[in-house]
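Input: a single structure, listed below in structure tokens.
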Amino acid sequence: FKKGFAFPDWAYKPESSPGSRQIQLWHFILELLQKEEYQGVIAWQGDYGEFVIKDPDEVARLWGIRKCKPHMNYDKLSRALRYYYNKRILHKTKGKRFTYKFNFSKVVLVNYPILDMANWIKANLIIGHKCQHDRI
DNA sequence: GCCGGAAGCT
DNA sequence: AGCTTCCGGC
């Protein structure tokens, strides 16, 4: 996940497509991190895999839109991030405000071998997002 | 802010 | 299972 890495179009599938499921928070975080336009909101900073949430309210708002949870806030989002500690997906950078670090050794190398990145994206990155209650 | 238990939802 | 909601404690 070097800077400027962009996921190709075929990696995105609509929610209604077979085999699709709800997007996971860490997928969403990675999605924001690879988009230049969100660098004022969330960005890689410091050590490899380390990122800073520069605008917690905005990240929470965007996550709320994605999950159709209009009352999402940073308090709730950060609780979800804390559940990643035991799963060894993330850990906190202690002393640094709004700063977390991906355990890429597990997330990428073990669960999703870097050599098979294309299939990892296909299997995990779901971008299509229409709220169920919004369907007419 | 950050932590983690507890309960609830899908 | 993967959050969401709520919250007491630090």
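Side chains included, hydrogens not; waters and symmetry mates left out as well; all remaining heavy atoms used. Letters A, B, ... are given to chains in the order of the sequence lines, protein chains preceding strands, and every chain is numbered from 1.
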Heavy-atom contacts under 4.0 Å between residues 55-64 of chain A and DNA chain B, which residues? none
In whole angstroms, how far is the C1' atom of B/dG1 from the CZ atom of A/Arg97? 7 Å
Do A/Tyr83 and A/Leu25 have side chains that approach each other closer than 4.5 Å (heavy atoms only, starting at C-beta)? no
Without decimals, in angstroms, what is the distance between A/His71 NE2 and C/dT4 C1'? 12 Å
Candidates B/dG1, C/dG2, B/dG4 - which lies nearest the side chain of A/Gln24: C/dG2
Quick one, A/Met72 and A/Arg66 - any side-chain contact, counting heavy atoms below 4.5 Å? no
Is the phosphate of B/dC2, meaning OP1 or OP2, less than 4.0 Å from a side-chain N or O of A/Lys92? yes
A/Lys101 versus A/Tyr48, closest heavy-atom pair with distance: CE-O, 3.1 Å
Would you check, one step at a time, whether the test side-chain contact (heavy atoms from CB on, under 4.5 Å) holds for A/Leu81 with A/Trp26? CA-CA 8 Å; A/Leu81 291 178; A/Trp26 64 278; over 6 Å; no
For nucleotides 6-10 of chain C, which of its nitrogen or oxygen atoms have a protein nitrogen or oxygen under 3.5 Å away, and what is each distance?
none

When rounded to whole Å, the CG to P distance for the pair A/Leu90 and B/dG4 reads 13 Å
Nearest whole angstrom, please: distance from the P of B/dC2 to the OH of A/Tyr84. 17 Å
Length of the CG-C1' vector between A/Asn86 and C/dG2, whole Å: 14 Å
Nearest non-hydrogen partners of A/Val59 and A/Phe28, listed with the distance: O-CE2, 4.3 Å
Looking at every non-hydrogen atom in both residues, tell me the closest pair between A/Thr93 and A/Glu50 and how far apart they are. OG1-OE1, 3.2 Å
Nearest-angstrom distance from the residue atom CZ of A/Phe28 to C1' of C/dG2: 16 Å
Which heavy atom of A/Lys92 sits nearest a heavy atom of A/Tyr100, and at what distance? CD-CE2, 3.5 Å
So how far is it from A/Gln45 CD to A/Ile53 CD1, rounded to the nearest 0.5 Å? 12.0 Å
Does A/Tyr74 have a side-chain nitrogen or oxygen under 4.0 Å from the phosphate oxygens OP1 or OP2 of B/dG1? no
Are A/Tyr74 and A/Phe98 an aromatic pair, judged by ring center distance below 6.0 Å? yes
Atom-to-atom span, CD1 of A/Ile29 to P of C/dC3 - whole angstrom: 10 Å
Quick one: which protein N/O atoms are closer than 3.5 Å to N/O atoms of nucleotides 7-10 of chain B? Pair and distance per line, please.
none

Taking the six-membered ring for Trp, are A/Trp44 and A/Phe51 parallel (under 30°), tilted (30 to 60°) or perpendicular (over 60°)? perpendicular
From A/Lys35 NZ over to A/Leu30 CG, what is the distance, rounded to the nearest 0.5 angstrom? 12.0 Å
Under 4.0 Å between any heavy atoms, over every strand shown, what does A/Leu25 touch: base, sugar-phosphate, or nothing? Just pick one. sugar-phosphate
Whole-Å distance separating the CG atom of A/Leu81 from the C1' atom of B/dC2: 12 Å
For A/Ile42 and A/Leu33, which heavy atoms make the closest approach, and how far apart are they? CG1-CD2, 3.8 Å
